[in-house]
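Here is the structure we will look at.
Not measured: the values here are computed from a predicted model.
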Amino acid sequence: MKSINGLSFRNIIKKPVRSAALIIIAAFLAFSAFGGSVMVMSLSEGLNSLSARLGADIVVVPYSATSKVSYDSIIIQGQPGQFYMDSKYYDEIKEEISGIEKITAQFYLASAKASCCSSRLQIIGFDPETDFSVQPWIEKSYSDKLGLYDTVVGSDVTPNTDMTVEIYGKALKVQSVLDKTGTELDHAIYVNTDTMKELIKAHNEKNPNQERKVNPDNVVSSVLIKVSDGFDIDSVAGDINLHVRQVKAVRTQNMISGVADSLSGVSGMISALMIAVWALSVIIMAIAFTMIMNERKKEFAVLRVLGASRARLAGLVFKENAMLTLTGGVAGVLLTVMITLLFSPLIEQSIGLPFLLPGAVTLCIAGITTVIVTVAAGALTAAISAFKISKADAGVILRGDN
């Protein structure tokens, strides 16, 4: 019975349509499972990146911004936008509120179409002397201090050939490109306070008819606060809201929780869809294998007459379908990787949530696991079907009495 060992491969070659159909089913199974897993992991990675980057316990914004703009999207995810409040509120909070370990101000300015990009950019200005939010993240890519008209840019900003980005007629020298975050912050640029003031002046000159001109020397956009140990974050935020007029203090955790809730809903929907697709695919695969086994009853009956055991027949079918599902599983995983790499920016924009692909090692582990599970599901389903068929009386099958 040594010749039986080559039957699996010969059966695959001689039945190309049947083999192709089984490969497609396995590929769809792997594509849905691996694609869903990558989506859920990418959303989780995006949220972790977002939480790690912010670094502040409380964000203070002008009260007017809470009703006019989506300030949380501007601060948390870096969507283009701007709002300002008098810098006296920064001084008032710093001098009158207890429990503040660190405090710094940020400035936001939405550019017109920049020289590097087809869409608007968010410009984020920070004070190097007091900042504790932006610089720790920037220092991973650029350890020096930013000078006047220096900038570091998000991962999706492509500088000009001379490594500059032109904003409102000012050429900013790009010193470094930051790691990807999976948010609109990948389209943002970061400058120090002096550069931001010059850009705001240039913005005023480019927009002489704007309703209210901003004096860059007297405004900030937001105040970021790190609360001292031993103080309650909610109490500090409450003190600010009670004693400082015209501003609103918000816990960053509350701002992120809104993103997390949306992410949880999307992840849950993807997981449910993935389970449903898996169940449907396995059912389809089981039906297909059962039909194929019924067609091959006489083939199995002959092998039984020639002395093949039931276990040997099950092993034969297991081997045959393992080869088919392995091919389909690998194809499904590779297709998912290709689509994800090509369309991850579009996916990020479509869902409007932080989306950051996991590392290569994590993707490899998830891909290998998906292929193993796909092969196991397909091959075991086929082997069970074959074992059931092999229980039938070989003589009855060959006489055609059933």
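In this structure, CD1 in I100 is found 8.0 Å from OG in S228, a value given to the nearest 0.5 Å. To the nearest 0.5 Å, atom NZ of residue K201 and atom CG of residue N215 are 8.5 Å apart. Interatomic distance, T158 OG1 to D156 CG, rounded to the nearest 0.5 Å: 7.5 Å. If you take NZ on K206 and NZ on K170, they are separated by 9.5 Å, rounding to the nearest 0.5 Å. Taken from CD in Q135 to CD in E129, the straight-line distance is 8.5 Å, to the nearest 0.5 Å. L224 contributes atom CG, which lies 5.0 Å from atom CZ of F132 (distance to the nearest 0.5 angstrom).
A pairwise comparison of heavy atoms in V191 and D150 identifies CG1-O, 3.7 Å as the closest pair. Closest of all the heavy-atom pairs between M41 and A366 is CE-CB, 3.9 Å. Residues A30 and G328 approach most closely at CB-O, 4.5 Å, considering heavy atoms.
A donor-acceptor pair under 3.5 Å links the side-chain atoms of H243 to the main chain of D239, judged by distance alone. Remark: side-chain polar atoms of S221 are paired, donor with acceptor, to backbone N or O of F83 under 3.5 angstrom. Under the 3.5 Å distance criterion, the side-chain polar atoms of Q82 are matched with a main-chain donor or acceptor of A110. In terms of modelled atom types and a separation under 3.5 Å, the side chain of T252 and the main chain of A56 share a donor-acceptor contact. Side-chain N or O atoms of N218 include none that pairs as donor or acceptor with a backbone N or O of D86 at under 3.5 Å. Of the possible donor and acceptor atoms, one in the side chain of T325 sits under 3.5 Å from a partner among the backbone N and O of A322. The backbone N or O of N160 sits nowhere less than 3.5 Å from a side-chain atom of T164 that would complete a donor-acceptor pair.
Look at D217 and K197 and you find a salt bridge, because one of the NZ, NE, NH1 or NH2 atoms lies within 4.0 Å of a carboxylate O, short of that distance.
Using a 4.5 Å cut-off on side-chain heavy atoms (C-beta onward), V152 and V177 make no contact. Looking only at side-chain heavy atoms (C-beta outward), I103 and K226 stay at 4.5 Å or farther from each other. Within the 4.5 Å cutoff, side-chain heavy atoms of Y84 are placed close to those of L109. With a 4.5 Å cut-off on side-chain heavy atoms, V153 and L178 do not count as touching. Side-chain contact between L148 and E198: present, with at least one pair of heavy atoms (C-beta onward) separated by less than 4.5 Å. Within the 4.5 Å cutoff, no side-chain heavy atoms of V174 are placed close to those of I189. Put simply, the side chain of T195 does not reach to within 4.5 Å of the side chain of T151, judged on heavy atoms. Looking at L326 and V330, their side chains come closer than 4.5 Å, going by heavy atoms from C-beta outward.
Applying the side chain to side chain donor-acceptor pair (under 3.5 Å) definition to pairs two or more places apart or across chains, those involving residues 93-105 are T104-T130.
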Under 3.5 Å, sequence neighbours excluded: what are the donor-acceptor pairs made by side chains of residues 355-365?
none

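Residue Y90 places its OH atom among more than 12 non-hydrogen atoms of other residues, nucleotides or ligands, all under 6.0 Å distant.
Two rings, from F126 and Y190, have their centers 6.0 Å or more apart.
Residues Y108 and Q106 bring a donor and an acceptor atom of their side chains to less than 3.5 Å of each other.
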